[in-house]
Amino acid sequence: MTINHKGASIFYTDQGTGTPVILLHGFLENHQMWDQFLSVLCNQYRVICIDLLGHGFSESVGYVHSMEEMAGAVAAVTNQLGLKDIALIGHSMGGYVGLAFAKAYPEFVSKLCLLNSTPEADDDTRKKLRSRANVMAKKQYEQLVRMSFINLFDKKATSANKVEINDALEQALNTPVQGYIAANSGMKDRQDSSEFWKTTSITTGMILGKSDMLIDAHLQEQRYKRSTNFFSIIESGHMSHITNTTATLDTMLHFLSS
């Protein structure tokens with residue numbers, strides 16, 4: 001299904017019945033990253049998967065998609081469906097969008113889970129890397145995407161999940177250059193949400209990968225475990241939905257029932 005938001009088509013799926021659960025994909029992903037979880041989740045919940053701006057079947061609205069802009073597109077879907085008491089689970093960039101949505105519309109959110117994500121803003125090093133990537137995206141897009149995507153997996157994970165990784169890479173390569181640059185720019189400039197995370201009355205959760213090379217799980221544990229309602233570190237890397245599907249789904253279910 002699609003709706004129009006600021007002149008752009010926003011794609012989403014809506015399956016199952018019960019408490020609404022919105023799943024937000026990460027950078028260069030789309031709603032299909034959740035496919036392997038839906039048969040189980042839809043037995044208990046109403047599950048809405050949204051293609052974020054410039055990803056999947058959703059169009060772009062500019063060359064900078066702030067996390068607040070993306071959250072506005074999510075809000076357009078929730079308004080269309082009349083949702084309330086929403087549980088949000090966001091992978092990586094989807095977690096940043098979930099945070100922006102929860103900050104803007106706290107009255108509609110009951111639970112928020114960061115999957116391989118963090119409430120922290122980018123540090124200066126990460127910001128510089130994003131700026132360089134945006135320049136490279138205009139000239140060597142496929143090479144950039146392949147290089148950055150493969151670097152998310154160690155050798156063991158790459159060997160054990162070749163088919164799934166290749167499928168996900170093909171999805172990433174289908175993301176238009178504008179979608180890449182706009183999202184990357186939005187992540188570079190995103191606000192730090194650490195204080196919000198520590199003080200919100202929303203039920204919070206973190207599911208992190210023990211061997212995640214982008215999000216240091218143990219550093220996040222030191223900083224946020226005491227202020228997080230549900231905290232779990234599983235055996236996986238950044239792409240936990242690929243490298244440890246079973247543990248990721250089980251832990252998501254535990255969060256939703258907590």
Side-chain angles (χ1 to χ4, degrees), residues 1-6 8-26 29-31 33-34 37-38 41-56 58 61 65-119 183 186-187 190-207 224 227-231 251-258:
M1 292 174 279
T2 62
I3 61 167
N4 185 280
H5 173 68
K6 295 187 175 182
S9 178
I10 307 300
F11 178 88
Y12 67 94
T13 63
D14 181 7
Q15 303 174 66
T17 58
T19 301
V21 176
I22 294 180
L23 302 179
L24 301 175
H25 63 78
E29 298 170 339
N30 58 56
H31 70 280
M33 72 159 281
W34 306 108
F37 298 149
L38 292 182
L41 290 174
C42 291
N43 283 332
Q44 303 179 50
Y45 302 100
R46 180 181 181 183
V47 182
I48 297 94
C49 301
I50 302 173
D51 278 348
L52 297 172
L53 292 174
H55 288 68
S58 290
V61 296
H65 291 152
S66 69
M67 300 302 97
E68 290 75 22
E69 184 78 71
M70 288 199 178
V74 173
V77 174
T78 65
N79 291 337
Q80 173 74 16
L81 299 178
L83 302 179
K84 59 182 180 179
D85 295 325
I86 301 164
L88 279 165
I89 299 177
H91 177 247
S92 195
M93 181 184 75
Y96 310 150
V97 177
L99 281 161
F101 183 92
K103 290 165 76 174
Y105 312 100
E107 67 275 18
F108 295 111
V109 182
S110 61
K111 296 182 179 183
L112 172 61
C113 181
L114 305 182
L115 173 62
N116 306 118
S117 191
T118 176
M187 287 190 288
R190 74 182 186 277
Q191 299 177 4
D192 188 282
S193 298
S194 301
E195 190 60 29
F196 170 80
W197 186 262
K198 293 176 180 178
T199 59
T200 182
S201 59
I202 294 169
T203 298
T204 55
M206 280 191 182
I207 304 172
Y224 302 108
S227 56
T228 302
N229 300 112
F230 179 94
F231 193 97
T251 312
M252 286 169 56
L253 288 168
H254 287 153
F255 166 74
L256 291 171
S257 64
S258 64

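Predicted, not measured: the structure shown is a model, and the values here were computed from it. Only heavy atoms go into these numbers, but all of them, side chains included; no hydrogens, no water, no symmetry mates.
Considering Leu114, Ile89, Leu115 as possible partners of Ile207, the one that fulfils the side-chain contact (heavy atoms from CB on, under 4.5 Å) test is Leu115. Applying side-chain contact (heavy atoms from CB on, under 4.5 Å) to Val74 and the options Ile48, Asn79, Ile86, Ile50 leaves one that passes, Ile50.
Separation of atoms OG (Ser58) and CG (Leu53) is listed at 6.5 Å; rounding is to 0.5 Å. Distance OG/Ser227 to CE/Met206: 7.0 Å, rounded to 0.5 Å. Summarising the geometry, atom NE2 belonging to His31 is positioned 4.0 Å from atom CZ belonging to Phe11; distances are rounded to the nearest 0.5 Å. How far CG of Asn30 is from CG of Leu52: 10.0 Å, rounded to the nearest 0.5 Å. Rounded to the nearest 0.5 Å, atoms CG (Leu23) and SG (Cys49) are 4.5 Å apart. Between Trp34 atom CH2 and Met252 atom CE the span is 5.0 Å, to the nearest 0.5 Å.
Inter-residue side-chain proximity for Leu88 and Ile202 is flagged as unmet; no heavy-atom pair is nearer than 4.5 Å. Side-chain contact between Pro20 and Leu81 is absent, with no heavy-atom pair separated by less than 4.5 Å. Here the side chains of Thr200 and Pro106 are not in contact, with every heavy-atom distance at 4.5 Å or above. Two residues are said to be in side-chain contact when any heavy atoms from C-beta on lie closer than 4.5 Å; Glu68 and Gln191 meet this criterion. Contact of the Thr19 side chain with the Leu256 side chain is not registered, since no non-hydrogen atoms from C-beta on lie closer than 4.5 Å. A heavy-atom distance below 4.5 Å is found between the side chains of Trp197 and Leu112. Taking the side chain as every heavy atom from C-beta outward, Leu24 and Met70 never approach each other to under 4.5 Å. Contact check for Gln80 versus Met1: no side-chain heavy atoms found under the 4.5 Å cut-off.
By the 30° and 60° cut-offs, the orientation of the rings of Phe255 relative to Phe230 is perpendicular. Using a 30° and 60° split on the angle between ring planes, His25 and His55 fall in the tilted class, from 30° to 60°.
In summary, the side chains of Ser194 and Tyr224 do present a donor paired with an acceptor at a separation below 3.5 Å, with no hydrogens or angles considered.
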Worksheet item: Which is it for Thr78 and Phe108 under the side chain to side chain contact (heavy atoms under 4.5 Å, CB included) test, yes or no, and what are the steps along the way?
Response: CA-CA 9 Å; Thr78 65; Phe108 295 111; 6.0 Å; no
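Smallest separation of non-hydrogen atoms from Thr228 and Gly205: CG2-CA, 3.8 Å. For the residue pair His5 and Ala76, the shortest heavy atom distance occurs at ND1-CB, 3.7 Å. Of all heavy-atom pairs between Ser258 and Lys111, the closest is O-NZ, 2.8 Å. Nearest heavy atom pair, residue Tyr12 against residue Val77, reads CG-CG1, 3.9 Å. When all heavy atoms are compared, the tightest approach of Ala100 to Met67 is CB-O, 3.6 Å. Residues Ser193 and Lys103 share a closest heavy-atom pair of OG-NZ, 3.2 Å.
By the salt bridge (Lys or Arg N to Asp or Glu O under 4.0 Å) test, Lys6 pairs with Glu69, sequence neighbours left out.
Thr2 contributes no side-chain N or O that, together with a main-chain N or O of Ser9, makes up a donor-acceptor pair within less than 3.5 Å. Looking only at distances, no side-chain donor or acceptor of Ser117 sits under 3.5 Å from a matching main-chain atom of His91.
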